[in-house]
Undergrad: 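Encoded as structure tokens, here's the structure I'll be asking about.
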2 protein chains.
Amino acid sequence: MKDAGAGGRDRPGLSREKVLRKALELADRDGIAALSIRALAQGMGTKPMTLYYYVANKDQILDGLVDLVFTEIDTPEAGGEWKEQMRRRAHSAREALRRHPWAVGLLESRKAPGPATLKHHEATLGTLRAAGFTVQQTARAYSLLDSYIYGFALQEAALPIAGHEPMAEVAGPIMERFATGEYPHMVEIATQVVMQPGYDYGNEFAYGLELILSALEPAQ
Amino acid sequence: MKDAGAGGRDRPGLSREKVLRKALELADRDGIAALSIRALAQGMGTKPMTLYYYVANKDQILDGLVDLVFTEIDTPEAGGEWKEQMRRRAHSAREALRRHPWAVGLLESRKAPGPATLKHHEATLGTLRAAGFTVQQTARAYSLLDSYIYGFALQEAALPIAGHEPMAEVAGPIMERFATGEYPHMVEIATQVVMQPGYDYGNEFAYGLELILSALEPAQ
DNA sequence: GGAGTGTTTCGTACAATGTACGAACAGGGT
DNA sequence: ACCCTGTTCGTACATTGTACGAAACACTCC
């Protein structure tokens, strides 16, 4: 027998929910590459094949992870001013993707959107439509905003370990090339921007977002 | 002894170059997941371990692939009008990433930029600086443009097999949900935009790009 | 020729992965 | 007692990257 409903007790049984949540934890801690069925099973105190009762295969776990990440993104509300809604959505999306950098790479290959993902898209589209955007305009605005958000997250994920010891491993192998004077503009950026004391690439996100939001307008 | 220089005969020997080029071919044909050392060796008519004479490990192959892709992107020239340069660069980047969709996901994890990658970045930065952007502005403009380009490519790569049979596999599993009327705005977009006869998502790229380029201006 | 030296190929082996298959166990309903 | 349904897991296999070291080859010098 199932234990009542889909709520979820805590001690005894496993559940699809718990499997996914543990997978999220492991992916965050050790990276998505280290998320193996065996490691996941071990983390849950069970054996590999047990997981297959709750999940059809590993792809389904990855799909589930993506949907979990969408859970953490603010969904626009129907009533609010659209730019403010989009701003909130964008910032929370970026933050979620920074918390789970592996998710960006996953977006590419997943093709089974989960309920949270669908709900999120639906709400966002609704907000734009309600703001007066035509269907066409809505599609374009959405594409533009999401491209920027995902692209920024992608670049942020590609950075060295994000703030830990400003530059060192990355600088090492490249510095030789830099020393040749072959890349003066990259050096310029590196020294005058990136390596500056308080610099945090994440703060640049707002700049591009505001630029885009300023240029977007419904109807015309 | 080595055969004269690093030019590269064609018939007999292998070479790092040829390994990478074959890897590119296989990745394009069968997807990045199918690119195994064994498959690659077979494709070149040799045995797996032979490849390790030319390449230290598989990661180096992936790094090489990313750099190969950058090879296909137009590098801005020093003299030209900057917006036109950025436009060309952006379009050719998007096209390259559409030809090699797997490359988008690779950008995230690679941390050893190849010579083509570095040269490309350097030239782009140079063009912006020459156009009068300050160092700060250059960093921001570059980040904004690349975020949009990569993000768009990411979304394009996430689409179904791009134009082949407009919607079918994707529609199938989701249509049930759609039928419930739970996602009216997604249906709206799907029917009135995406499923329209001549629709090609790729064409939307120009819209966002022009919007961004219009809003970008050096100095102030 | 033969010996020596460097370059290139590859056979074998191992550890790690996803997962198919089917057995084992649990608990309730009859 | 029996079975039914839900859950756990042992074993096994194919596929992956690649370490190790030997073999095959090419070329120079005697």
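Predicted model only: the values in this text are computed from it and were never measured.
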Undergrad: Salt bridge check: are A:D63 and A:K111 linked by an N-O gap of less than 4.0 Å?
TA: no
Undergrad: Could you go through A:E17 and A:K22, starting from their C-alpha distance and side-chain angles, then the distance that decides it, and tell me whether this counts as side chain to side chain contact (heavy atoms under 4.5 Å, CB included)?
TA: CA-CA 9 Å; A:E17 277 271 324; A:K22 193 68 170 188; over 6 Å; no
Undergrad: Looking at A:K47, does any N or O in its side chain come under 4.0 Å of the phosphate oxygens OP1/OP2 on D:dG10?
TA: yes
Undergrad: Would you call A:E25-A:R29 a salt bridge at under 4.0 Å N-O?
TA: yes
Undergrad: May I ask you to say whether B:D59 pairs ionically with B:R110, meaning some side-chain N is under 4.0 Å from a carboxylate O?
TA: yes
Undergrad: Starting at atom OH of A:Y53, determine the distance to atom P of D:dT5, rounded to an integer number of angstrom.
TA: 12 Å
Undergrad: Nearest whole Å is fine: how far is C:dG18 P from A:D59 CG?
TA: 11 Å
Undergrad: Give the rounded distance in Å between these two atoms: CZ of A:R16 and P of D:dG6.
TA: 17 Å
Undergrad: Within the 4.0 Å heavy-atom criterion, would you say B:Y54 contacts the bases, only the backbone, or no part of the nucleic acid?
TA: sugar-phosphate
Undergrad: Would you mind checking if B:K119 and A:E182 are paired as a salt bridge, meaning a charged N to carboxylate O distance below 4.0 Å?
TA: no
Undergrad: Within residues 23-41 of chain A, find the residues that approach DNA chain D with a heavy atom at under 4.0 Å, and present them sorted by residue number.
TA: none
Undergrad: Has A:Y52 got a side-chain N or O lying under 4.0 Å from the OP1 or OP2 atom of C:dT19?
TA: yes
Undergrad: Is it true that a side-chain atom of B:Q136 and a backbone atom of A:V193 form a donor plus acceptor pair closer than 3.5 Å?
TA: no
Undergrad: Parallel, tilted or perpendicular: which fits the ring planes of B:F205 and B:H91, with parallel below 30° and perpendicular above 60°?
TA: perpendicular
Undergrad: Just to confirm, is there a sub-4.0 Å distance from OP1 or OP2 of C:dC10 to any side-chain nitrogen or oxygen of B:T46?
TA: yes
Undergrad: Measure the distance from CG on B:N57 to P on D:dA19 and round it to the nearest whole Å.
TA: 8 Å
Undergrad: Assess the pair A:Y142 and A:H121: is the distance between their ring centroids shorter than 6.0 Å?
TA: yes
Undergrad: Might you work through the side chain to side chain contact (heavy atoms under 4.5 Å, CB included) test for A:W102 and A:L62, ending with a clear yes or no?
TA: CA-CA 10 Å; A:W102 43 263; A:L62 299 181; over 6 Å; no
Undergrad: Under 4.0 Å between a Lys/Arg side-chain N and an Asp/Glu carboxylate O for A:D146 and A:R89?
TA: yes
Undergrad: Take nucleotides 21-27 of chain C nucleotide by nucleotide from the 5' end and write B, S or -, depending on whether a protein heavy atom sits under 4.0 Å from the base, only from the sugar-phosphate, or from neither.
TA: B------
Undergrad: To the side chain of B:T50, which of C:dC10, D:dT8, C:dT19 is closest?
TA: C:dC10
Undergrad: Walk me through whether B:F152 and B:Y201 qualify under ring pair (Phe, Tyr, Trp, His ring centres under 6.0 Å).
TA: CA-CA 10 Å; B:F152 191 94; B:Y201 179 60; 4.6 Å; yes
Undergrad: What's the angle between the local helix axes at either end of the helix from C:dG1-D:dC30 to C:dT30-D:dA1, using five pairs per end and rounding to 10 degrees?
TA: 40°
Undergrad: Could you state the CD-C1' distance from B:Q42 to D:dT15, rounded to the nearest angstrom?
TA: 14 Å
Undergrad: Would you kindly give the NZ-to-P distance between A:K18 and D:dT7, to the nearest whole Å?
TA: 12 Å
Undergrad: When the distance from CG of A:L51 to P of C:dA20 is rounded to whole Å, what number comes out?
TA: 14 Å
Undergrad: Run the side chain to side chain contact (heavy atoms under 4.5 Å, CB included) test on B:V135 and B:T138 for me, step by step, so that the C-alpha distance in whole Å, both residues' side-chain angles and the decisive distance to 0.1 Å come before the verdict.
TA: CA-CA 5 Å; B:V135 179; B:T138 297; 5.6 Å; no
